Amino acid sequence: MYGSECRAVRTAMAARENVSLLFKLYCLLVMTLVAAAYTIALRYTRTVRTEMYFSTTAVCVTEVIKLLLSVVILAKETGSASRLISSLKENVLGSPQEMMKLAIPSLVYALQNNMAFLALSNLDAAVYQVTYQLKIPCTALCTVLMLNRTLSKLQWFSVFILCGGVTLVQYSPAETTKVQIEQNHLLGFAAVAVAVLCSGFAGVYFEKVLKSSDTSLWVRNIQMYISGIIVTLAGVFLSEREGVMEKGFFYGYNYLVWFVIFLASVGGLYTSVVVKYTDNIMKGFSAAAAIVISTIASVLLFGLQITFTFSIGALLVCVSIYTYGLPRKDTTKVEIQGPSSTSNEKLINI
């Protein structure tokens, strides 16, 4: 009897481990496909010879969708409409200082998202995907300066190798034979540089804000997205006011543009939720896999001509991503947290 009970317990534990592994693989697949599909789809919409949409309006619509989704998730978290309204009144209408505090990362994220459109208008998806991994050293530097964290020697070495890999990729940029629009590689690289600086600073700043109180992650997101809508609307007004007034806010939108917006909003939020179930090695593998998928898609869709320096540089970036994420301790197990710690989930979107 005792032996059969032990076998039953072991069977149940094995089943839970198998489900956990499958779920982790599912999370890995989602992160990889979202990253690769967003880059490829955005690049395609910026290179086809059709009525070109206004990128600033797409960024603004993305912020609106993120806000609506965050309100829905917060409603589920609070459990009732009255609690939801009470939470919004307290944390949005009744907290102007906190709103101003979140206005900083919303401004930086708005700049980052607009820079992504500019970069992918001038760089191939694969080149962008590789170069954008500079967000890792930028985030690392911000964590050292703003959160007083330390990096291991291996991590600093990985940062050095990553920068070397990106330098090789940019030294002799791969050309595309199927893209006929005019491109400025220097402008594209400058846009990526601004985007990675914004990503590193905003991600670490947002983590610092989350750690400063027990406020729910979704309340913080709502505060940030409200500011983000205001900032992105101002961007539309300042940069493309005449065009929007003449042609309309949604000029040039088609199913592919909406797909890009879907990936940027729904996919981004979903990834931020499931990322807590993965460790640094899985996230590094996801980034490397996204680079491979983007490269294959660029060859097929845009006629990317892969050079030797691009291949070596991309390989160095993939290896450095993996070594940077190697844990100092075992991080493969999911830590089970109580209800009280749910609101303190600390996420850095890098």
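Values in this document were obtained by computation on a predicted structure and should not be read as measured data.
Ser294 places a side-chain N or O within 3.5 Å of a backbone atom of Ala290 that can act as its donor or acceptor partner. For Thr232 (side chain) and Gly228 (main-chain N/O), a donor-acceptor pair under 3.5 Å exists by modelled atom type. Side chain of Gln170 to main chain of Thr167: no donor-acceptor pair is present (N/O by atom type, distance under 3.5 Å, no hydrogens or angles). At least one donor-acceptor pair closer than 3.5 Å links the side chain of Ser95 to the backbone N or O of Glu90. Between the Glu207 side chain and the Gly203 main chain, no donor and acceptor come within less than 3.5 Å of each other. Looking at Ser199, its side chain never comes within 3.5 Å of a backbone N or O of Val196 through a donor-acceptor pair. The closest donor-acceptor contact from the side chain of Ser286 to the backbone of Thr32 lies under 3.5 Å. Although no hydrogens or angles enter the test, the distance criterion places a donor-acceptor pair under 3.5 Å between the side chain of Thr307 and the main chain of Phe310. Although no hydrogens or angles enter the test, the distance criterion places a donor-acceptor pair under 3.5 Å between the side chain of Asn122 and the main chain of Asn184.
To the nearest 0.5 Å, the span separating CZ on Phe201 from CD1 on Ile104 amounts to 6.5 Å. We find the CZ-OG1 distance between Arg149 and Thr143 to be 6.0 Å, quoted to the nearest 0.5 Å. Taken to the nearest 0.5 Å, the CD1 atom of Ile85 stands 8.0 Å off from the CG atom of Leu88. Leu102 CG to Ile222 CD1: the interatomic distance, rounded to the nearest 0.5 Å, is 11.0 Å. Leu326 CG to Ile321 CD1: the interatomic distance, rounded to the nearest 0.5 Å, is 12.5 Å. Here Tyr324 contributes atom OH and Phe157 contributes atom CZ; the two are 15.0 Å apart, rounded to the nearest 0.5 Å.
Considering every non-hydrogen atom in both Ser298 and Asp124, the closest pair reads OG-OD2, 2.9 Å. Taking every heavy atom of both residues into account, Ser216 and Glu77 meet most closely at OG-OE1, 2.8 Å. Nearest heavy-atom pair across Ala314 and Val130 is CB-CG2, 4.1 Å. Considering every non-hydrogen atom in both Val59 and Ala110, the closest pair reads CG1-O, 4.5 Å. Ser320 approaches Ser158 most closely through the heavy-atom pair CB-O, 3.3 Å. Closest of all the heavy-atom pairs between Gln112 and Tyr132 is NE2-OH, 2.8 Å.
The cluster map of Ile, Leu, Val, Met, Phe, Trp and Tyr, joined by side-chain heavy atoms under 4.5 Å apart, puts Leu187 and Val192 in different clusters. Leu120 and Leu118 are not part of a single hydrophobic cluster, where members link through side-chain heavy atoms under 4.5 Å apart. At a threshold of 4.5 Å between side-chain heavy atoms, the hydrophobic network of Ile, Leu, Val, Met, Phe, Trp and Tyr places Met115 and Ile40 in two separate groups. Leu107 and Leu210 sit in two unconnected hydrophobic clusters of ILVMFWY residues. Membership requires side-chain heavy atoms under 4.5 Å apart, directly or through other members. The hydrophobic cluster containing Val219 does not contain Val72, counting ILVMFWY residues as joined when their side-chain heavy atoms lie under 4.5 angstrom apart, directly or transitively.
Between Leu69 and Ile65, some side-chain heavy-atom pair lies under the 4.5 Å cut-off. Residues Val204 and Thr139 meet the side-chain proximity criterion, which asks for heavy atoms closer than 4.5 Å. Put simply, the side chain of Tyr225 reaches to within 4.5 Å of the side chain of Ser70, judged on heavy atoms. Using a 4.5 Å heavy-atom threshold, the side chains of Asn221 and Lys66 count as separate. A heavy-atom distance below 4.5 Å is not found between the side chains of Leu197 and Lys135. Between Val144 and Leu151, the closest side-chain pair of non-hydrogen atoms falls below 4.5 Å. At least one side-chain heavy atom of Tyr109 sits under 4.5 Å from a side-chain heavy atom of Met224. Contact of the Thr62 side chain with the Asn113 side chain is not registered, since no non-hydrogen atoms from C-beta on lie closer than 4.5 Å.
Every pair passing side chain to side chain donor-acceptor pair (under 3.5 Å) that includes a residue from residues 243-269 is listed here, sequence neighbours excluded: Thr57-Tyr253. Counting only residues at least two apart or on different chains, no salt bridge (Lys or Arg N to Asp or Glu O under 4.0 Å) pair has a member in residues 222-242.
A side-chain donor-acceptor contact under 3.5 Å links Ser87 and Asn91.
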inquiry  = Before you tell me yes or no, could you show the steps for Gln183 and Ser121 under side-chain hydrogen bond (donor to acceptor under 3.5 Å, both in side chains), namely the whole-Å CA-CA distance, both residues' side-chain angles and the distance that decides it to 0.1 Å?
reply    = CA-CA 7 Å; Gln183 301 176 98; Ser121 298; over 6 Å; no
task = List the steps, then state whether side-chain contact (heavy atoms from CB on, under 4.5 Å) holds for Val61 with Phe250.
result = CA-CA 10 Å; Val61 173; Phe250 297 102; 3.9 Å; yes
message = Set out, in order, the CA-CA distance, both residues' side-chain angles and the distance that settles side-chain contact (heavy atoms from CB on, under 4.5 Å) for Gln133 and Cys318, then state yes or no.
response = CA-CA 9 Å; Gln133 300 310 314; Cys318 291; over 6 Å; no
task = Start with the C-alpha distance between Leu74 and Leu84, add both sets of side-chain angles, then the distance that settles side-chain contact (heavy atoms from CB on, under 4.5 Å), and finish with yes or no.
result = CA-CA 7 Å; Leu74 181 61; Leu84 171 64; 3.8 Å; yes
inquiry  = Does Val317 form a side-chain contact (heavy atoms from CB on, under 4.5 Å) with Val169? I'd like the steps, not just the answer.
reply    = CA-CA 10 Å; Val317 169; Val169 170; 5.5 Å; no
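In Phe160, the CZ atom is not crowded: 12 or fewer heavy atoms of neighbouring residues, nucleotides or ligands sit closer than 6.0 Å. Remark: Met146 CE is packed, more than 12 non-hydrogen atoms of other residues, nucleotides or ligands lying under 6.0 Å away.
The pair Arg46-Glu182 does not count as a salt bridge, with every side-chain nitrogen at least 4.0 angstrom from each carboxylate oxygen.
Under the 6.0 Å distance and 45° angle rule, Arg43 does not count as a cation-pi partner of Tyr128.
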